[in-house]
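Beneath this line is the structure, given in structure tokens, with notes to follow.
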Amino acid sequence: MADHMPAPAFLRRFFPRARRGNTPGHGVGDTVGKSATVGTTTSAVLPSGILPSGLPMATQDGPALARALAARMPALIMTARRIAQAVQQGGHARRRAGSGENFWQYRPAQPGEAASRIDWRQSARGERPFVRENEAQTAQTIFIWCDNSSSMNWHSSDTLPSKAESALVLALALAAILLRQGERVRLLGADGATVTAISGNGGLERMAIVLIDAMRRPSSPATLPQAGHLARNGRLVLLGDGLYDPAAFSGLLRAALARQVRTSLIEVIDPAERDMPYSGRTRFMGLEDEAPLTLSAGTDLRTAYRAAFTQHQQQLSDLCRAGGNAMITQTTDQPPERALLALHAQLAAAHHTGGGIRA
């Protein structure tokens, strides 16, 4: 008899999609990726989500997850603020020359420099003239989007947060950092179109309410943002598991570039989606109306799966680089500070070069 186990949402990429009402293991829909034969089990793309049967739940439906996170919202916001503080202490301040009031640096005067820009007191201490530069105070507009698909509600172990919770905390911490830096923060709704301005002392609370409320109505599949709602020369930050139609994802990145908007993706995944740690006959249950599917999770299947996962990661990474930035991968068993430090560096680099890029 097969063990009843939760399975990575990512498996939908590699096994025949089981349709509702089909016999488990025999429902074949659209095939994505390469097929792999393991004993008598042929595989090519499994159901997109997972629901364990007979064991403690490793996932929650949208309303249940929203209720659980709403009850913990003050603690989640406190955690996000702590993470934001740690990231800001570990990263370098976002600074560049501009017309602000805060001093940044002295630099040697260039030929043809206006005399009014020379700092004569500083210049008198050396043998060449120096210009005093202040820090720029031009704010960026940062759009934040969180994946609200059903596959985000999964986690492989009760000791790990769901992908949705991890993305929520990352989004709140990012907003806390940006607000402290004086940036304009805009939250894109789960429908990909609604835009909510986040500002003021209660900004994080309002943001958490909007994100948690959206979890009550998960989308399947994810509804990617609409580039037409992005301000020119802004920045777009996506937080999700990366299980998007490649053509739709590439189309979003191209449309954003046309508006001079760089896109950053923090891919939030469960470690089981990377490792495929299952063995023996395993019954996988779908989160998104797929029929159950029983597979023999042996060495050959794990090898094929991991190779396909590596290929998927490379494709997603290539798309992200074409969209302006390297992909940042965050597994739910890792501290969130690492991913936010990498994102902080990407945002700072774009700000230093003026934010805009050529499409």
Side-chain angles (χ1 to χ4, degrees), residues 94 96 138-149 151-152 163 167-168 170-175 177-179 181-199 207 210-211 214 219 221-269 312-330 339-340 342-359:
R94 184 268 302 156
R96 64 190 178 105
T138 303
Q140 293 187 103
T141 300
I142 314 293
F143 293 87
I144 300 174
W145 175 84
C146 280
D147 188 341
N148 193 46
S149 59
S151 63
M152 291 291 290
K163 294 185 288 183
L168 171 65
L170 283 166
L172 292 173
L174 171 61
I177 294 171
L178 297 174
L179 291 174
Q181 292 181 341
E183 312 289 17
R184 292 183 293 267
V185 179
R186 302 291 184 264
L187 178 65
L188 292 169
D191 60 0
T194 306
V195 181
T196 303
I198 306 298
S199 61
M207 182 174 177
V210 172
L211 288 173
S219 58
T223 303
L224 291 169
Q226 299 175 19
H229 295 279
L230 304 176
R232 294 188 66 85
N233 297 312
R235 297 299 308 276
L236 173 61
V237 177
L238 308 173
L239 298 107
D241 58 16
L243 297 177
Y244 314 130
D245 175 73
F249 186 60
S250 178
L252 166 62
L253 299 180
R254 290 196 305 270
L257 283 175
R259 300 181 67 83
Q260 301 291 301
V261 175
R262 288 182 183 267
T263 300
S264 296
L265 170 66
I266 296 184
E267 181 199 33
V268 181
I269 60 174
H312 165 77
Q313 291 294 92
Q314 185 61 55
Q315 180 188 34
L316 195 60
S317 177
D318 291 343
L319 290 174
C320 288
R321 288 187 181 278
N325 281 301
M327 179 177 73
I328 301 168
T329 298
Q330 170 70 21
L340 284 174
L343 177 61
H344 189 259
Q346 289 185 0
L347 297 176
H351 209 311
H352 182 72
T353 58
I357 55 175
R358 296 180 180 178

Rounded distance (nearest 0.5 Å) linking atom [atom1] of [X] with atom [atom2] of [Y]:
{"X": "Ile269", "Y": "Leu243", "atom1": "CD1", "atom2": "CG", "result": "9.5 Å"}
{"X": "Trp145", "Y": "Thr223", "atom1": "CH2", "atom2": "OG1", "result": "8.0 Å"}
{"X": "Ile142", "Y": "Leu178", "atom1": "CD1", "atom2": "CG", "result": "5.5 Å"}
{"X": "Ile266", "Y": "Cys146", "atom1": "CD1", "atom2": "SG", "result": "9.5 Å"}
{"X": "Glu267", "Y": "Leu239", "atom1": "CD", "atom2": "CG", "result": "11.5 Å"}
{"X": "Leu238", "Y": "Met327", "atom1": "CG", "atom2": "CE", "result": "12.0 Å"}

Closest contact, heavy atoms only, [X] versus [Y]:
{"X": "Ala258", "Y": "Arg232", "value": "O-NH1, 3.5 Å"}
{"X": "Ala222", "Y": "Asp147", "value": "CB-OD1, 3.3 Å"}
{"X": "Pro246", "Y": "Leu319", "value": "O-CD1, 4.2 Å"}
{"X": "Pro225", "Y": "Leu252", "value": "O-CD1, 3.4 Å"}
{"X": "Leu257", "Y": "Ala322", "value": "CD1-O, 3.2 Å"}
{"X": "Asp241", "Y": "Met152", "value": "N-SD, 3.6 Å"}

Check: Thr141/Arg186 side-chain N/O donor and acceptor closer than 3.5 Å:
no
Quick check against the 3.5 Å criterion: does [X] have a side-chain atom that pairs as donor or acceptor with the backbone of [Y]?
{"X": "Arg259", "Y": "Leu230", "answer": "yes"}
{"X": "Gln140", "Y": "Glu183", "answer": "no"}
{"X": "Asn148", "Y": "Ala190", "answer": "no"}

Do [X] and [Y] make a side-chain contact, defined as non-hydrogen atoms from C-beta onward lying under 4.5 Å apart?
{"X": "Thr329", "Y": "Ser317", "answer": "no"}
{"X": "Gln330", "Y": "Leu343", "answer": "no"}
{"X": "Leu347", "Y": "Gln181", "answer": "no"}
{"X": "Leu188", "Y": "Val195", "answer": "yes"}
{"X": "Phe249", "Y": "Cys320", "answer": "yes"}

